[in-house]
There are 2 protein chains.
Amino acid sequence: MATINEIARLCNVSRTTVSRVLNNQPYVSKEKREQILHVINQLDYTPSGLARNFRAKKNYIIAISIPRIDHPFFAQLIKGAVSFNALEKNYKVLIFQTFYNKKIELKVLDLLKKKEIDGVILCSLENKWGLIEPYLKEGPILLCNEYHDSAPIPIIGYDEFDASYKAVKYLIKKGHRKIGFCYDLSYSQAQKERKAGYLKALSDYDLPYVDEWFFGKAFNIEDGLRIFEELINVKEKPTALYTGNDQVAAGVIKKAILSGYKVPDDLAVIGYDNQLICEVTTPTITTIEIPIIELGQQVVLELLKHIEEGVELKREVMKLPTKLIIREST
Amino acid sequence: MATINEIARLCNVSRTTVSRVLNNQPYVSKEKREQILHVINQLDYTPSGLARNFRAKKNYIIAISIPRIDHPFFAQLIKGAVSFNALEKNYKVLIFQTFYNKKIELKVLDLLKKKEIDGVILCSLENKWGLIEPYLKEGPILLCNEYHDSAPIPIIGYDEFDASYKAVKYLIKKGHRKIGFCYDLSYSQAQKERKAGYLKALSDYDLPYVDEWFFGKAFNIEDGLRIFEELINVKEKPTALYTGNDQVAAGVIKKAILSGYKVPDDLAVIGYDNQLICEVTTPTITTIEIPIIELGQQVVLELLKHIEEGVELKREVMKLPTKLIIREST
DNA sequence: CTAATATATGGAATCGATATCATGTCAACA
DNA sequence: TGTTGACATGATATCGATTCCATATATTAG
């Protein structure tokens, strides 16, 4: 493997001069510059990124941790995060799937401490904040699509409270008085926001809050199939279900129809995310549209601002707007 | 930031001794070892990964390039690739989306040359092989879910020819004599294998090959919607369509039903991948099941074999088996 | 009791680049 | 003609670890 020293030796110059050429710096005579470039080409030499990064104390890598990639929401988020902003600025993006595992999240943060990555975007929060906070001194950490009451860092998401409120209010206006709610993990702050929006809508219209209408572990199509089964075994069945997830909505609808239910007449269903799946089911799915790609792009830009320009981290909550998309399932 | 030198100074030992402790090497007295560990804890010191990797001339990073992540097939492939095998061996996985862009693929290979990554898995092939081959001397490169006639490297995929043959033969046995075929990109070798399987089945049963029954750019649900429109404008309409993609199949079926077609009576449709979407559409979708997760896991294991054990690259074609899953759309 | 060996420790080189500083040359200007 | 400043170049230190080699001491074997 050729190194800068070999190039220097072959050209009878010091490595300083070669380094100047490599970095397009002035103060190298035209002849030397050309000769050096020629030899570099001949040997097919490329400076070692390993050495450069070591010298610069930067690896030009950022990490994003998400629960799992095989869910369209996170896939799109990643697509937004990786597209152009990062690559153009020569940053690489490491994707970590936590699978809801605390240890993996800490492993990512350890990489920050070891200086193997330059910054972290957490799209879920598995550990207590107290465990994460100490890593703030190692490098910038941002929260995306997840919320925390007091973390002194930028938090980028969308208005989950408002989205839920809008969806549930719409169901109420349609005449529903028994509205179910799905969630994936109860400990997520973002989920709590959603739940708060749901509860606010109920109380604004004097509707009851019923424990049996809460359905957990709602994440994918299979969960939707299961949740419909749970739903019909409830004493007082809801007439509408706010699933918080298009995949879950699709599963619920599928199973409902297989069981002879009419959607939306017997059961109205609302999804979340406005994924393509909403348009291929029968009936098509009413849902909440959220600007996922923009979310991914923005959060990377924000992180790079802190890495590149050294802007100090501070608490800053950004909530992108959402939109109710009405289709046939309600 | 604490370094090994500070630890050494504070403990009145040489950095060699500290290094020995860090790497669990013998020949350090118990007292010194304990004292050093104590100071390390006090200062919350972690060795710089940057420096270590530089020294080791390895970055413990592998890269996977895929066309795009927001397609369930690639999302699952990535899930398989990242899960455990890589992380357990302390390797990180960089994901690059080429978006079918030659330059991005070359950028990934350049990272190999710069030693910023230790190996590459290509899940699509955008550039001519002649442009990729020179990078083989920089580090191991594998092909996954993509095929090449002569590349002297391991190629891991599944039997696309056989899968297509099975699917088309099944349609023929069901009485279809006009069978359409969808493809996403014509230059992909893997696509050619599929097409060959399709053609073989046709010729084995003396069925004609009709140019109009080929539909291109078939990748996602929207493409499916469009392709149905194209299909009904063909003079002699196919009665069955082998879409090569579950999303496309879902789109075609949706549009067919909206247009008053009966599936499978008026048009039979077969997907590919056996994604969850197959089970929530009406009708459910007949498809080809492929072991995606295993594919991802295997290819990473294979790559690590070459990186860690220095096993030489050589041509080696592995084809995992597929399975026809029959549902309502045929 | 000496020779051989195992244990303990540190000095210095090294990995491949960049940055700082010193030095030398040449032209412009007062 | 001496001073100043732009240009050209290289020697050397440095980043933070690991590794090789030398040396000193303790332990065991013969």
Side-chain angles (χ1 to χ4, degrees), chain A residues 1-37 39-40 43-61 90 110-118 138-139, chain B residues 1-37 39-40 43-61 90 110-118 138-139:
Chain A
M1 210 59 296
T3 73
I4 197 173
N5 285 305
E6 285 178 62
I7 306 291
R9 193 166 43 74
L10 285 171
C11 296
N12 282 316
V13 297
S14 72
R15 55 171 174 274
T16 310
T17 305
V18 179
S19 176
R20 286 198 181 96
V21 172
L22 287 174
N23 295 288
N24 282 313
Q25 286 170 9
Y27 303 135
V28 179
S29 68
K30 198 178 277 182
E31 306 86 54
K32 290 234 160 108
R33 176 163 261 134
E34 275 164 11
Q35 185 207 0
I36 290 170
L37 283 173
V39 171
I40 283 175
L43 295 203
D44 192 26
Y45 161 77
T46 308
S48 155
L50 235 34
R52 279 188 154 171
N53 293 342
F54 166 56
R55 192 64 237 258
K57 299 190 187 210
K58 252 174 95 174
N59 224 340
Y60 291 91
I61 298 181
N90 268 308
D110 264 330
L111 289 176
L112 192 61
K113 191 167 177 186
K114 292 192 220 156
K115 299 286 165 252
E116 296 201 42
I117 58 181
D118 305 319
E138 314 290 350
Chain B
M1 211 58 296
T3 73
I4 196 174
N5 285 304
E6 285 178 63
I7 305 292
R9 194 167 41 75
L10 285 170
C11 296
N12 283 315
V13 298
S14 72
R15 51 171 174 276
T16 311
T17 304
V18 178
S19 177
R20 285 198 183 95
V21 172
L22 287 174
N23 296 288
N24 282 313
Q25 285 169 10
Y27 302 136
V28 179
S29 67
K30 198 178 276 182
E31 306 87 54
K32 288 231 161 116
R33 176 163 261 134
E34 275 164 12
Q35 185 206 0
I36 291 170
L37 283 173
V39 171
I40 284 174
L43 295 202
D44 193 26
Y45 160 78
T46 308
S48 155
L50 236 35
R52 280 189 153 170
N53 293 341
F54 166 57
R55 191 65 234 264
K57 298 190 189 214
K58 254 174 94 174
N59 224 340
Y60 294 90
I61 299 182
N90 267 308
D110 264 331
L111 289 177
L112 192 60
K113 191 168 177 184
K114 291 192 220 157
K115 301 284 165 253
E116 296 200 41
I117 57 181
D118 305 320
E138 314 291 349

Gap between atoms [atom1] and [atom2], on [X] and [N] respectively (whole Å):
X	N	atom1	atom2	result
B:Glu116	C:dG16	CD	C1'	13 Å
A:Leu50	D:dG16	CG	P	16 Å
B:Lys58	D:dT18	NZ	P	15 Å
A:Tyr27	C:dT25	OH	P	18 Å
B:Glu31	C:dA8	CD	P	9 Å
A:Lys113	D:dA17	NZ	P	13 Å
B:Phe54	D:dT14	CZ	P	16 Å
B:Lys32	D:dT25	NZ	C1'	12 Å

Separation between [atom1] of [X] and [atom2] of [Y], rounded to the nearest 0.5 Å:
X	Y	atom1	atom2	value
A:Cys11	A:Arg33	SG	CZ	13.0 Å
B:Lys32	B:Lys30	NZ	NZ	15.5 Å
A:Thr3	A:Glu6	OG1	CD	4.5 Å
A:Gln35	A:Leu10	CD	CG	9.0 Å

Under 4.0 Å between a side-chain N/O of [X] and OP1 or OP2 of [N], yes or no?
X	N	answer
B:Lys57	C:dG16	yes
A:Ser29	D:dA8	no
A:Thr17	D:dT9	no
B:Tyr45	D:dA17	yes
B:Asn23	D:dT18	yes

- Message: Would the distance check show the side chain of A:Lys115 and the main-chain N or O of B:Pro47 forming a donor-acceptor pair, the cut-off being under 3.5 Å?
- Response: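 No, A:Lys115 side chain to B:Pro47 backbone: no donor-acceptor pair under 3.5 Å.
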- Item | Side-chain donor/acceptor of A:Asp118 to backbone N/O of A:Asn59, under 3.5 Å | yes
- Below 3.5 Å, does any donor atom in the side chain of B:Arg55 face an acceptor in the base of C:dG16, or the other way round?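 Side chain to base: no pair present.
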- Note on the structure: Among the nucleotides C:dT7, C:dT20, D:dG16, whichever has the atom closest to the side chain of A:Arg20 is C:dT20
- Query: Which residue, A:Ile36, A:Ile4, A:Thr17, forms the side chain to side chain contact (heavy atoms under 4.5 Å, CB included) with A:Leu22?
  - Reply: A:Ile4
- Task: For DNA chain C, find the residues of residues 3-16 of chain A with a heavy-atom distance under 4.0 Å and give them by number; none if there aren't any.
- Result: A:Thr3, A:Ile4, A:Arg15, A:Thr16
